Enquirer: 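Okay, handing you the structure first.
Chain identifiers are assigned alphabetically (A, B, ...) following the order of the sequence lines, protein sequences preceding nucleic acid strands; residue numbering begins at 1 within each chain. This is a predicted model, so every value here is computed, not measured.
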Amino acid sequence: MLLSLQNGMHSMERRLGADLMVVPRGYERRAESALLRGEPSSFYLNKDILLKISQIKGIEQCSPQFFLTSLNDACCSLPVQMIGFDPDTDFVVQPWISTVYNENLSDGQLIVGSEIDINHNNTLIFFRDTYQVAAHLDKTATGLDTSIFMNMNTMRSMLNGARGVGYAFDSPNLPDPDKMISTALLRIDKDYDLDEMALSVLSALPEASLAIPKQMMRGIASSLNALTSFLYISVFGLWLFAALLLSTVFFGSINERKKEFAIYRVLGMTRKKLFLLVMNEATLVSLFGSVIGIVLASLGVFPFSTAIGDKLNLPYINPDTRNVLLVLSFSLALPAALGPLGAIFSAFKISKAETYLVMREGE
Amino acid sequence: MDSDDFVSVVGHSGGGKSTLLNMIAGLLKPTSGSVTIQDQDVFALSDEKGSFFRNSKIGYVPQGQGLLANLTVLENVCLPFYLFKREGDVIPKALSLLERMGIGSLAASYPRQLSGGEIRRVSIARALINAPALSGIQDAS
């Protein structure tokens, strides 16, 4: 779980690549909801804001995006957040699109989030028009998993289609990618302070507001840190409890079977062999127990990872196979070591016991 | 005692019969004196050698339930043979001993399925499996 949460966090860090998001005043929360939770949202600013932004000192890169939400209606395959980006200026979307799709995204092509289902023809229908899906993105555990990306020409086709089906835009002006944008993604020059730049942008753009991905990350990171600290302490406590419990169980079990061990001594087993017999038994019991534990935990965690992520309300991505195998090996090795450690005192004690006295006990 | 001697130790309760037998079996070190079997001081040996000596030279039948509950009768009888590396197949000999004890049909049974007398006979067969120089039966009645 901890690895899944950390994976989700790292994925989110990589995907939210802009330092600042310029959005219409009052739309910061909706932008955040669209990015983090995939809640479909569309809002618009006049495109001339890009000119104003270009005049602000300290902005290294600026790329506009245009949002549109599809309809939960017969005209559309599904209601999702659609994001049009400008391939010439984009520095956020294309770098991670390139991990799944090497070519330039053509007009009419879509790149879809990991949670969007497509039909066997690799197409989706929006506003009664069919679009080709070029690739599925990897899971990010953010709202981007339920978003669809396209270039601005495709977005124009979408808008035409939307007008054709009588889409009611909530903007006072009809949105047009040539005149309007939804957000401008900004990358700040590394020599400039993010907070100071945020103030500069706000003062230069009175009609706009800012969503700051790093601040969103900070909120999630603090939730995640609290949760991971709690989980680490719980795990440590559980291991400690398990070690004590194993030690007690082995002590009780060996004590209960001391006559049986005395018979081995009577028949000629050496103290060393008796010690190893008990230790081997403890190792086997621990290994068997850890295998059962791993199977049960895997059945509880992997099939329900989506539900766990939803409940935690945090980015949650299962670790890759290598890390899963590492965790499984650790989960197998630690109990296999803890069991014998818990039994070592009892094994030593029984191997040193006076056989005659043990045999006579209770007679 | 010479080879083939048969000795019974009789005495009142608490008189030291079990103590004596356990000393002879190498399980209880005497506070004074020594236990010598075939010219070997049993307590002068290391644990490794002493255990092997006990395993191969002494057949000991303890008082009461002395079988391992999770092993069958045959496995219980063969166990002393397997505690040290030895050549050969012990199972025919174990079966033969069980036949001689009159419990050959119980080879696959578990101790919990046996009566007290049958358990004693299995213990005796086990004590004889390595053809010991000396056999000691505690409370042989």
Enquirer: Do you know which of B:L27, B:I129, B:N130 has the most heavy-atom pairs with chain A at a distance under 4.5 angstrom?
Expert: B:L27

Enquirer: By a 4.5 Å heavy-atom criterion (distance strictly below it), what part of B:S56 contacts chain A: side chain, backbone, both, or neither?
Expert: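 It is neither, since no heavy atom gets under 4.5 Å.
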
Enquirer: Using the side chain to side chain contact (heavy atoms under 4.5 Å, CB included) rule, pick out the option among A:K272, A:R265, A:M269 that qualifies with B:S51.
Expert: A:R265

Enquirer: Heavy atom to heavy atom, less than 4.5 Å: which residues from residues 73-106 of chain B reach chain A?
Expert: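 Answer by number: B:L79, B:P80, B:L83, B:F84.
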
Enquirer: With heavy-atom distances below 4.5 Å as the criterion, would you say the side chains of B:R126 and A:I263 are in contact?
Expert: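 B:R126 reaches A:I263 side chain to side chain.
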
Enquirer: Rounded to the nearest 0.5 Å, how far apart are CZ of B:F52 and OG1 of A:T270?
Expert: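 One gets 12.0 Å once the value is rounded to the nearest 0.5 Å.
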
Enquirer: Looking only at side chains, do B:S18 and A:Y356 share a donor and an acceptor under 3.5 Å apart?
Expert: no

Enquirer: Under 4.0 Å between a side-chain nitrogen and a carboxylate oxygen: does that hold for A:K273 and B:D47?
Expert: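 Salt bridge absent between A:K273 and B:D47.
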
Enquirer: Taking side chain to side chain contact (heavy atoms under 4.5 Å, CB included) as the test, write out the residues that go with A:L332, two or more places apart.
Expert: A:L287, A:S290, A:V291, A:I294

Enquirer: Using a 6.0 Å cut-off, check whether atom NZ of B:K17 has over 12 heavy atoms from anything other than its own residue.
Expert: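 Atom NZ in B:K17 is packed in, count exceeds 12.
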
Enquirer: Can you list the residues that meet the side chain to side chain contact (heavy atoms under 4.5 Å, CB included) rule with B:K49, with sequence neighbours excluded?
Expert: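 Only B:L45, B:S46 meet the side chain to side chain contact (heavy atoms under 4.5 Å, CB included) criterion with B:K49.
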
Enquirer: Does any heavy atom of chain B fall under 4.5 Å from the side chain of A:R257, the backbone, both, or neither of them?
Expert: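 When you check distances to chain B, no heavy atom of A:R257 falls under 4.5 Å.
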
Enquirer: Can you find a heavy atom in the side chain of B:L68 that is under 4.5 Å from one in the side chain of A:Y264?
Expert: yes

Enquirer: Check the pair B:K29, A:E354 against side-chain contact (heavy atoms from CB on, under 4.5 Å), reporting the backbone distance first and the verdict last.
Expert: CA-CA 10 Å; B:K29 193 173 182 178; A:E354 280 299 337; over 6 Å; no

Enquirer: Applying side chain to side chain contact (heavy atoms under 4.5 Å, CB included), can you list everything that pairs with A:N122, at least two apart in sequence or on another chain?
Expert: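 A:I118, A:Q132.
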
Enquirer: Got a donor-acceptor contact below 3.5 angstrom from the A:R271 side chain to the B:E48 backbone?
Expert: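 No; zero donor-acceptor contacts below 3.5 Å.
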
